[in-house]
Amino acid sequence: MMKLSTTKRLERLHDRYTNGDLSRRTFLTLTAAAAASAGLSTPWMGRALAAAKEVRFDGWGGVVQEAIDKYAFQPYTAKTGVGVVQGTFGDENEIITKIKTSKPGDFQIVHSSGVNYYIKYVNAGVNSEINEANIPNLANVLQPMIEPFRKLTPKLSAVPYDYGTTGLAYNTTVISPEEAKEKGAALLSDKKYAGKIGGYADMTTRVWYAALDTGQDPNNIKDMEAIWAKVRETRDLAKKFWSSGAELMDLLSKGEIVVTDGWSGRIAALQQQGHPIGYLDPTGSYAWMEDMLILKGSPMAECEELINFMLETDTSIAVAEGQNYPPSLDPTKVELTDKIKALPAFDPTGAMKSLTFADPVYWADNEDAWTKQWDRISKGA
């Protein structure tokens, strides 16, 4: 049989790589060795050998990022040799502003706050197009989480990674589960707890909970005057509107507040530490998901490889248990642990029907006007 020429061998290797039969590392090693021995170069060689040695990731910091770093980034770097350079932000709008004024590729992967924020990246023209063939683990991700992204961009720029709710957290030595269930969102404007109420200092959360408290649909509000009146009422009764998960946990654990809206994962952490904190998702409770968003100008193959690794069942479960938010993996396809099944907000059905997500178009249309009004009220107007 005739020996394959080096060029033909390289082409076959390339075909196997593009079909997904070879990992990028194996492909690089084999092609570099074959080409070097024959003194050849091919059209794709320069691109392949210029593969990124590191990927940039920006996230929320704190216990969430610590869990991702420990259970995903460190093992990924150990396995592939590609480092992950990390940044953090407190408010996602801040990083969007930075991305808009930076060069493509300066920022690469963002741990983003779901579809509400996705629309902002798309409108700014900084989204990418993922080659889904490079993320085979996407097959295990919940379809109800992927669909809202596809509605905005048929070609995805982000992969859902986890989800949670902003429900009601309350001190069980002061408020009984029965009282919490009976009053629901009205607890946040209950004069009985004046000076002991908290809330997230965020327009979306304040408007959402004011809608529930006034009996309105947060995705179709009819009476904004009633909303702003309720936001002011809660503001005047509150001890503090908190601005980070650490602050939320501190206020509750020290008993400075006895009721607040709060992030399900942070409340789970307090419960695991033994604090007397109950958690309730009232009907219509604000559900959200987070995604790994790849920005335009990123080294796509490396970013796709990292996200695929993060979606490996073992990795995803370890991160979920570390950060106390359920993973985006479909529980009807993947066996999840008892710890995950016990997390607040976990949906065992995989249908996500019990969760109410914000309508991204409705909220994007109203965001500017509502943010201006919230800024005025938060400053005392």
Side-chain angles (χ1 to χ4, degrees), residues 59-68 88-93 110-117 145 160-172 175 180 184-185 187-188 197-212 218 234 238-254 256-273 275-292 319-328 339-340 342-347 352 354-358 363:
W60 294 93
V63 292
V64 169
Q65 197 150 332
E66 281 166 20
I68 294 172
T88 61
F89 53 85
D91 180 331
E92 193 167 347
N93 289 309
V110 177
H111 189 181
S112 176
S113 303
V115 191
N116 275 35
Y117 277 82
M145 288 182 77
Y161 196 66
D162 53 56
Y163 65 94
T165 51
T166 300
L168 290 171
Y170 57 95
N171 188 314
T172 54
I175 298 170
L187 275 172
L188 297 174
I197 292 169
Y200 183 28
D202 159 77
M203 178 278 286
T204 306
T205 309
R206 299 277 47 88
V207 170
W208 193 281
Y209 264 92
L212 296 186
T234 299
K239 177 181 179 66
K240 183 86 191 279
F241 279 162
W242 47 269
S243 56
S244 72
E247 193 180 9
L248 159 69
M249 291 173 75
D250 192 53
L251 288 165
L252 277 171
S253 63
K254 289 179 176 164
E256 290 184 38
I257 57 175
V258 298
V259 63
T260 180
D261 42 84
W263 302 332
S264 56
R266 296 303 178 106
I267 306 310
L270 285 172
Q271 291 171 337
Q272 289 159 17
Q273 290 164 15
H275 294 287
I277 306 297
Y279 185 79
L280 167 75
D281 272 320
T283 304
S285 180
Y286 180 52
W288 41 264
M289 57 176 110
E290 295 182 323
D291 54 277
M292 296 299 160
V319 170
E321 291 190 347
Q323 65 170 355
N324 287 308
Y325 291 114
S328 62
K339 183 176 179 184
I340 289 173
L343 288 174
F346 174 69
D347 175 20
M352 315 294 274
S354 60
L355 300 171
T356 309
F357 294 98
W363 280 80

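We're numbering straight along the sequence, starting at 1.
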Chemist: Apply the ring pair (Phe, Tyr, Trp, His ring centres under 6.0 Å) test between Trp60 and each candidate in Trp263, Tyr325, Phe89, Tyr161; give the one that qualifies.
Modeler: Phe89
Chemist: Evaluate the criterion side chain to side chain contact (heavy atoms under 4.5 Å, CB included) for residue pair Ser285 and Thr356; output intermediate values, then yes/no.
Modeler: CA-CA 6 Å; Ser285 180; Thr356 309; over 6 Å; no
Chemist: Of all the heavy-atom pairs spanning Leu212 and Ala185, show the shortest one and how long it is.
Modeler: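 Smallest interatomic distance, heavy atoms only, reads CB-CB, 3.8 Å.
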Chemist: Would you say Tyr279's side chain and Gly167's backbone share a donor-acceptor pair under 3.5 angstrom?
Modeler: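 Confirmed, Tyr279 side chain pairs with Gly167 backbone.
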Chemist: With a 4.5 Å cut-off on side-chain heavy atoms, are Ile68 and His111 touching?
Modeler: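 When only atoms from C-beta onward are counted, Ile68 and His111 do touch, with a gap below 4.5 Å.
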Chemist: Show your reasoning for whether side chain to side chain contact (heavy atoms under 4.5 Å, CB included) applies to Met145 and Met352.
Modeler: CA-CA 8 Å; Met145 288 182 77; Met352 315 294 274; 3.6 Å; yes
Chemist: Okay, side chain of Gln323, backbone of Val63: is any donor-acceptor separation there less than 3.5 Å?
Modeler: no
Chemist: Is the backbone N or O of Gly114 less than 3.5 Å from a side-chain atom of Asp291, with the two atoms forming a donor-acceptor pair by type?
Modeler: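 Indeed, once roles are kept as given, a pair shorter than 3.5 Å links the two residues.
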Chemist: For the residue pair Thr260 / Trp242, report whether a side-chain donor-acceptor contact shorter than 3.5 Å exists.
Modeler: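 Judged by distance alone, the side chains do pair up.
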Chemist: Specify the closest pair of heavy atoms between Ile175 and Val259, including all atoms of both residues, with the distance to one decimal.
Modeler: CD1-CB, 3.9 Å
Chemist: Take Met249 and Gln273, measure what side chain to side chain contact (heavy atoms under 4.5 Å, CB included) needs, and give me the verdict at the end.
Modeler: CA-CA 11 Å; Met249 291 173 75; Gln273 290 164 15; 3.8 Å; yes
Chemist: What is the minimum heavy-atom distance between Pro326 and Ala345, and which atoms define it?
Modeler: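 Smallest heavy-atom distance, with atoms named: CG-C, 4.4 Å.
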Chemist: Pairing donors with acceptors under 3.5 angstrom, does anything connect the side chains of Ser113 and Glu92?
Modeler: yes
Chemist: Walk me through whether Leu343 and Gln271 qualify under side chain to side chain contact (heavy atoms under 4.5 Å, CB included).
Modeler: CA-CA 10 Å; Leu343 288 174; Gln271 291 171 337; over 6 Å; no
Chemist: Please find the pair of heavy atoms, one from Asn171 and one from Ile277, that lie closest to each other, and give the distance.
Modeler: CA-CD1, 4.3 Å
Chemist: Identify whether the distance between the nearest side-chain nitrogen and carboxylate oxygen of Arg206 and Asp202 falls below 4.0 Å.
Modeler: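 Answer for the salt bridge query: no.
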Chemist: Report yes if the side chains of Val258 and Leu252 come closer than 4.5 Å at any heavy-atom pair, otherwise no.
Modeler: no
Chemist: Hey, does Pro218 have a side-chain heavy atom less than 4.5 Å from the side chain of Val207?
Modeler: no
Chemist: Does the side chain of Asp281 come under 3.5 Å of the side chain of Thr165 through a donor N or O and an acceptor N or O?
Modeler: yes
Chemist: Rounded to the nearest 0.5 Å, how far apart are OH of Tyr209 and CG of Leu187?
Modeler: 10.5 Å
Chemist: Are Phe357 and Val115 packed together at the side-chain level, in the sense that at least one heavy-atom pair is separated by less than 4.5 angstrom?
Modeler: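 Result no, sub-4.5 Å side-chain heavy-atom pair not found.
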Chemist: Output yes when a side-chain donor or acceptor of Arg266 lies under 3.5 Å from a complementary backbone atom of Leu248, and no otherwise.
Modeler: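 A pair under 3.5 Å: no.
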Chemist: Kindly indicate whether the side chain of Thr234, heavy atoms from C-beta on, has any atom under 4.5 Å from the side chain of Phe241.
Modeler: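 They are in contact (side-chain heavy atoms under 4.5 Å apart), so the answer is yes.
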Chemist: Looking only at heavy atoms, what is the nearest atom pair of Ile340 and Pro327, with distance?
Modeler: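 What the structure gives for the nearest pair is CG2-CD, 3.7 Å.
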Chemist: How far apart are the closest heavy atoms of Gly278 and Ile267, and which atoms are they?
Modeler: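 Minimum heavy-atom contact is O-CG2, 4.3 Å.
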Chemist: If only atom types and distance count, is the side chain of Tyr163 paired as donor or acceptor with the main-chain N or O of Asp347 below 3.5 Å?
Modeler: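 Present.
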Chemist: Look at the side chain of Thr88 and the backbone N and O of Gly59, then say whether any donor-acceptor pair between them is shorter than 3.5 Å.
Modeler: no
Chemist: Look at the side chain of Lys339 and the backbone N and O of Glu321, then say whether any donor-acceptor pair between them is shorter than 3.5 Å.
Modeler: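 It does hold such a pair.
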Chemist: Of Tyr200, Trp208, Trp288, which is the lone residue that meets side chain to side chain donor-acceptor pair (under 3.5 Å) with Thr166?
Modeler: Trp288
